[in-house]
Amino acid sequence: MLQPELITYMYYNNIINHCHATSQSVRTYDNVTYPYTMDHSCWTLISSDCYEHPSFAVFIKKTEKAPVGMMAFIGDQRVELTPTEQNKVQIKINDQDFDLQDNGFLFWPLDQAPVENKVFRNFLFKIIRRQNSYVLDFFPQMMINYDGNSVQVLAGPHVKGQNCGMCGDFNRNTHHEFLDPQMCHLKNGDEMARAWSLDTKYCSDKATKPVCT
């Protein structure tokens, strides 16, 4: 995992930036903070490198046990972190359950079966638990910090101008942050939460998409 000193250096030299999402507000990559209300229980995209074949996508949704749950696609691997009770998070990767203890870690190897607390040389990503916080490290594309109350995504320079989702487009311009998947301008955070929701495969709820004008 990247050392804190290196992350700080990269952040203050504008090499990386972060998006921070709670159940009530989003701080975009371009440092614009806006409130929102999520009136559905569907997974909602906050950050993805929107190339033809995205390398990652990060989603949040409302949960019963904590303010937000988190789901990420790393390539074609699906990772879900869902609070089940106080200070306990269920980790599910491609429908396989894992239970990390404090200071535990999980490497996701490219050519072997994963084993908790075992280091693999060739791996796609890794998850590290520190007390009640979890770090999903997919270096150098991005890094996620999750604690059940919020999701923070650190993204590198390759995402600038290419991000899609509630975190904005990361183009270093603070105007026009409210864009939907068709690049239509939206009015507010509530419309963003509806526009970027998944209301078919991963949700039985229905999120009414805002009209593109």
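A quick note: this is a predicted structure, and the numbers were derived from the prediction, not measured. Residues take their numbers from the sequence shown, with the count starting at 1.
Between the CD atom in E191 and the OG1 atom in T37 there is a gap of 12.5 Å [rounded to 0.5 Å]. Rounding to the nearest 0.5 Å places CG of D76 at 12.0 Å from OG of S55. Going from atom OG of S25 over to atom CE of M166 covers 9.5 Å, rounded to the nearest 0.5 Å. L124 contributes atom CG, which lies 8.5 Å from atom CD of Q141 (distance to the nearest 0.5 angstrom). Note that SG of C42 is 8.5 Å distant from NZ of K61, once rounded to the nearest 0.5 Å. Taking CE of M70 as the start and CD1 of I91 as the end, the distance is 9.0 Å to the nearest 0.5 Å.
In this structure the side chain of Q90 never reaches within 4.5 angstrom of the side chain of L81, judged on heavy atoms. Considering only heavy atoms from C-beta on, L136 comes within 4.5 Å of V79 through its side chain. Contact check for F120 versus L106: no side-chain heavy atoms found under the 4.5 Å cut-off. Side-chain contact between M143 and Q152 is absent, with no heavy atoms from C-beta onward closer than 4.5 Å. Residues M71 and F73 are in side-chain contact: their nearest non-hydrogen atoms beyond the backbone lie under 4.5 Å apart. In this structure, Y134 and N145 have side chains that are not in contact, with every pair of non-hydrogen atoms separated by 4.5 Å or more. Between V58 and I144 there is a side-chain heavy-atom pair separated by less than 4.5 Å. When side chains are defined from C-beta on, C50 does not count as touching N163, because their heavy atoms never get closer than 4.5 Å.
For residues 28-40, every residue pair satisfying the salt bridge (Lys or Arg N to Asp or Glu O under 4.0 Å) rule, not counting sequence neighbours, is listed here: D30-R172. Contacts classified as disulfide bond (SG atoms under 2.5 Å apart) and involving residues 73-125 (residues at least two apart or in different chains) are not found. Within the structure, ring pair (Phe, Tyr, Trp, His ring centres under 6.0 Å) contacts touching residues 33-63 (residues at least two apart or in different chains) are Y34-F178.
When every heavy atom of G148 is checked against every heavy atom of A66, the shortest pair comes out as O-CB, 3.5 Å. Among all heavy-atom pairs drawn from S150 and T22, the shortest one is CB-CG2, 3.9 Å. Of all the heavy atoms in S41 and D205, the pair that sits closest is N-OD2, 3.1 Å. Nearest heavy atom pair, residue A193 against residue S197, reads O-CB, 3.7 Å. Nearest heavy atom pair, residue N171 against residue N173, reads OD1-N, 2.9 Å. When all heavy atoms of D49 and P54 are compared, the pair lying nearest together is O-CB, 3.3 Å.
Other residues, nucleotides and ligands place more than 12 heavy atoms under 6.0 Å from the CD atom of E116.
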### Task
Show your reasoning for whether side-chain contact (heavy atoms from CB on, under 4.5 Å) applies to V68 and Y146.
CA-CA 9 Å; V68 291; Y146 173 74; 4.2 Å; yes
### C164/S48 under side-chain contact (heavy atoms from CB on, under 4.5 Å): CA gap, chis, key distance, verdict
CA-CA 5 Å; C164 56; S48 177; 4.0 Å; yes
### Task
Start with the C-alpha distance between F138 and I127, add both sets of side-chain angles, then the distance that settles side-chain contact (heavy atoms from CB on, under 4.5 Å), and finish with yes or no.
CA-CA 9 Å; F138 180 43; I127 300 174; over 6 Å; no
### Task
May I have the step-by-step check of side-chain contact (heavy atoms from CB on, under 4.5 Å) for Q112 and N122, ending in yes or no?
CA-CA 9 Å; Q112 302 179 57; N122 298 314; over 6 Å; no
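No single ILVMFWY cluster, assembled from side-chain heavy atoms under 4.5 Å apart, contains both L179 and V153. Following chains of ILVMFWY side-chain contacts shorter than 4.5 Å, one cannot reach V32 starting from M192, and the two form parts of different hydrophobic clusters. By the rule that hydrophobic residues join a cluster once side-chain heavy atoms approach within less than 4.5 Å of another member, L186 and M183 end up as members of separate clusters. Under the 4.5 Å side-chain heavy-atom criterion for ILVMFWY residues, a single connected hydrophobic cluster contains both L110 and F98.
Looking at E80 and R78, a side-chain N of the basic residue comes within less than 4.0 Å of a carboxylate O on the acidic one, giving a salt bridge. The residues K209 and D180 are annotated as not salt-bridged, no charged nitrogen and carboxylate oxygen being separated by less than 4.0 angstrom.
Residues N103 and Q101 bring no donor and acceptor atom of their side chains to less than 3.5 Å of each other.
Not less than 6.0 angstrom separates the ring centroid of F123 from the ring centroid of F125. Two rings, from Y29 and F170, have their centers less than 6.0 Å apart.
At least one donor-acceptor pair under 3.5 Å links the side chain of R194 to the backbone N or O of T208. Judged by distance alone, the side chain of K62 and the main-chain N or O of M38 form a donor-acceptor pair under 3.5 Å. D137 places no side-chain N or O within 3.5 Å of a backbone atom of K126 that could act as its donor or acceptor partner. A donor-acceptor contact shorter than 3.5 Å links the side chain of D147 to the backbone of N149.
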